[in-house]
S.K.: 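This structure is in structure tokens; I'll ask about it shortly.
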Amino acid sequence: MTKEQYKIYKIGLQKQRNDELYEINSKIHRLKYDILASFNEPFNLRDFKLFSKEMIQLQEHKQKLEKEGQDAIS
């Protein structure tokens, strides 16, 4: 792989990572809205646990992607 091809490859990986981060951030904001909306209804512990678990998984995945991005830059 030439230097130019490697540079293009790294740019493609960064764009893919950014797209995935955008998607995860979108899901996080949707979950935040769902959690806030659930407070206007009778409290359903099962739904709250489901939202919380999904939020934690998304946050962990986001942190992993951000860390990989930082490692790739340096």
Side-chain angles (χ1 to χ4, degrees):
M1 185 180 293
T2 65
K3 285 184 179 183
E4 189 66 27
Q5 288 174 330
Y6 183 70
K7 185 178 178 182
I8 292 170
Y9 173 74
K10 283 187 74 168
I11 290 171
L13 285 179
Q14 184 64 36
K15 295 284 185 187
Q16 185 179 14
R17 194 174 296 116
N18 289 344
D19 289 347
E20 196 169 350
L21 279 172
Y22 180 81
E23 185 179 321
I24 289 172
N25 283 331
S26 173
K27 288 180 182 179
I28 288 172
H29 290 294
R30 180 187 48 82
L31 277 174
K32 285 180 183 178
Y33 177 79
D34 289 345
I35 289 172
L36 288 175
S38 72
F39 290 141
N40 293 330
E41 301 170 2
F43 194 68
N44 186 343
L45 187 59
R46 185 170 42 128
D47 287 344
F48 185 76
K49 284 182 181 180
L50 180 72
F51 291 146
S52 300
K53 282 183 180 180
E54 191 174 350
M55 178 73 81
I56 290 169
Q57 290 172 346
L58 288 171
Q59 289 286 356
E60 288 173 350
H61 188 63
K62 178 183 172 184
Q63 289 173 353
K64 185 182 102 182
L65 284 174
E66 288 174 343
K67 184 179 181 210
E68 287 175 3
Q70 291 298 325
D71 291 344
I73 292 173
S74 46

S.K.: Which distance, rounded to the nearest 0.5 Å, do you find between the CG of N18 and the CG of L13?
M.R.: 11.0 Å
S.K.: In a table with atom names and distances, give each donor-acceptor pair under 3.5 Å that connects a side chain of residues 50-63 to protein atoms at least two apart or in another chain.
M.R.:
unit_1 : atom_1 : unit_2 : atom_2 : d
S52    : OG     : F48    : O      : 2.8
H61    : NE2    : E20    : OE2    : 2.7
K62    : NZ     : N25    : OD1    : 3.0

S.K.: Nearest 0.5 Å, please: how far is CG in D34 from NZ in K27?
M.R.: 13.0 Å
S.K.: With a 4.5 Å heavy-atom cut-off, do I28 and K32 have their side chains touching?
M.R.: yes
S.K.: Mind checking what makes side chain to side chain contact (heavy atoms under 4.5 Å, CB included) contact with K3, not counting sequence neighbours?
M.R.: none
S.K.: Which distance, rounded to the nearest 0.5 Å, do you find between the CZ of R17 and the CD1 of I24?
M.R.: 11.5 Å
S.K.: Could you check whether atom CD of E66 has more than 12 heavy atoms from other residues, nucleotides or ligands sitting under 6.0 Å from it?
M.R.: yes
S.K.: Please find the pair of heavy atoms, one from Y6 and one from M1, that lie closest to each other, and give the distance.
M.R.: CA-SD, 3.6 Å
S.K.: Once rounded to the nearest 0.5 Å, what's the spacing between atom CG of L31 and atom CG of L36?
M.R.: 11.0 Å
